[in-house]
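All chains are named by letter (A, B, ...) in the order of the sequence lines, taking the proteins before the strands, and each is independently numbered beginning at 1.
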2 protein chains.
Amino acid sequence: MTDKKPVTDKKSKYDQRYIAAVDAAAAVFAEKSYHGCGTIDIANKLNIKQGSLYYYFKSKEAALEAVCLVGITEQTKFLEELISKELSFEESVQAITRFSLKSQQERGDYMVVFNNERKSIPLERRGKVREQSHNYHNMLMDIFRSGQVKGEVKAELDILISVRAYTGLLSSASKWYHAEPDIDLENVLRQFSEVFLSGCLKPV
Amino acid sequence: MTDKKPVTDKKSKYDQRYIAAVDAAAAVFAEKSYHGCGTIDIANKLNIKQGSLYYYFKSKEAALEAVCLVGITEQTKFLEELISKELSFEESVQAITRFSLKSQQERGDYMVVFNNERKSIPLERRGKVREQSHNYHNMLMDIFRSGQVKGEVKAELDILISVRAYTGLLSSASKWYHAEPDIDLENVLRQFSEVFLSGCLKPV
DNA sequence: AATATTTTCTATATATCTATAGAATTATTA
DNA sequence: TAATAATTCTATAGATATATAGAAAATATT
């Protein structure tokens, strides 16, 4: 064997530690908000001293940008793959809802930070995150629009408002997921889909 | 006339100024977040010096509490009155949605601060705001539950999740209202009601 | 083992923010 | 107008935060 190191740790020690640092930042930002915490809180979570954090981040702002980018990139990647599958509108919405809820369970810190703190990234750094957000929004718009063209979605529906309502619904879940992490995902998924797709009134 | 002052200004100069201070705090907290702003930002908006603010607020935290209380109290009061009218579920949801959207247009700062910043009130002060929030939540739960009992709402719906979905939907609107203040309220109301009550799928 | 590299630590310059005390100003009342 | 009360100002103590530089410790390499 020429390689002495196990094949599993492809990442350098630095890379592993950097990821741990982003994780710690996500957790702290999610709990206390970006402006509500100090770099010392992140350092504590990593068991290093406050000053050492700057070995991994050029600034506190850079840490926030990193966290937000992870959060939104996962969602856009998923959406890209989903669109290529050309599912029905109903199936698409189910799949997106499931993925979003699962992300909120497993990586809730990242979702919360992206939802609530991204506006704290200084304007000159916000470019990449904005681009991804618009990307995500536009893909959702496409899905809803083509659902309407295919006749699955009500013709009278305003696509922009529906998309916003849908994302609002999803992001709202991140708030209570954070407080109650052991909620039954499948049940929430079923209820969300039912309400969003066919409403909460009994059909007449 | 014994009264020299016009009947309209019943409020003392102090009271008027205090309200202006709460307004200013709401605007600043909504824009920069509680931890992201300084008391100097609020003072600037009032055209007074930073130290003078403490004539109206015992502390920055007290200002936040005041803003949050205004925000939630308006909503709970409305809900109390609404319940006494014993409307149908559908009418109730329409009325609540309309009032919420109107509040977000007219007093968006207060809504945004209540939604996003209330967790920054220190625990020992959070009592009143929590009480009102629970109050609001419980009244909504009652409305949905009785809608189910009356047979208007689908029997299989999980009331807790539905209420959370509904409030999530409403609060999400506050985000884009803030960015685009001249949105057509009646249109949003129509779309929200349509989606939430009967879903976005075309009936089969 | 000696040397080089990576990672963490200590100490600090710099800036900022909250809250307070007492003076100054403005408005109200006698 | 003089006296009193209400409002705002100035100046600052005290706390805390970010970011940097260079030393120290840990790890890897020769």
Output the rounded distance in Å from CZ (F57(A)) to C1' (dT18(D)).
15 Å
Pull out every residue in residues 27-40 of chain B that has a heavy atom closer than 4.0 Å to any atom of DNA chain D, ordered by number, or say none.
none
Residues V129(B) and R118(B): closest non-hydrogen pair is CG1-CD, 4.3 Å
Classify the nucleic acid contact of Y56(B) as base, sugar-phosphate or nothing, counting any heavy atom under 4.0 Å across all strands shown.
sugar-phosphate
Length of the CG-C1' vector between N47(A) and dA26(D), whole Å:
16 Å
Heavy atoms from C-beta onward define the side chain here; which of dT20(C), dT8(C), dC9(C) lies closest to that of K49(A)?
dC9(C)
Side-chain N or O of S52(B) versus OP1/OP2 of dC9(D): is the shortest distance under 4.0 Å?
yes
Side-chain ion pair, E194(B) and K154(A), N-O less than 4.0 Å:
yes
Considering all heavy atoms, the nearest Q104(B)-S174(B) contact:
OE1-N, 3.2 Å
Here the distance between atom P of dA25(D) and atom NZ of K13(A), to the nearest Å, is 17 Å
Would you say the base of dA19(D) and the side-chain of Q50(A) have a donor-acceptor pair closer than 3.5 Å?
yes
Would you kindly give the CD1-to-C1' distance between I42(B) and dT18(C), to the nearest whole Å?
11 Å
Is it true that F29(B) and Y34(B) have ring centroids separated by less than 6.0 Å?
yes
Between Y14(B) (OH) and dT8(D) (P), how many Å, whole number?
10 Å
May I have the distance from Q16(B) (atom CD) to dA27(C) (atom P), rounded to whole angstrom?
14 Å
Counting heavy atoms from C-beta on, name the nucleotide in dT8(C), dA19(D), dT7(D) closest to the side chain of Y54(A).
dA19(D)
When you check the phosphate oxygens OP1 and OP2 of dT8(D), does a side-chain N or O of Y55(B) lie under 4.0 Å from one of them?
no
Picking from dT18(C), dT7(C), dT8(C), which would you name as closest to the side chain of K60(B)?
dT18(C)
Test ring pair (Phe, Tyr, Trp, His ring centres under 6.0 Å) applied to Y136(A) - qualifying residues, sequence neighbours left out:
none
Output field: ring centroids F99(A)/F78(A) closer than 6.0 Å
yes
Specify the separation, in whole Å, of atom CG of L53(B) and atom P of dA19(C).
10 Å
From CZ of R17(A) across to C1' of dC9(C) the rounded distance in Å is 14 Å
Return the nearest nucleotide to the side chain of I48(B); candidates are dC9(D), dT8(C), dT7(C).
dC9(D)
Just checking, R17(A) and Y14(A): is the charged tip under 6.0 Å from the six-membered ring centre and within 45° of the axis?
no
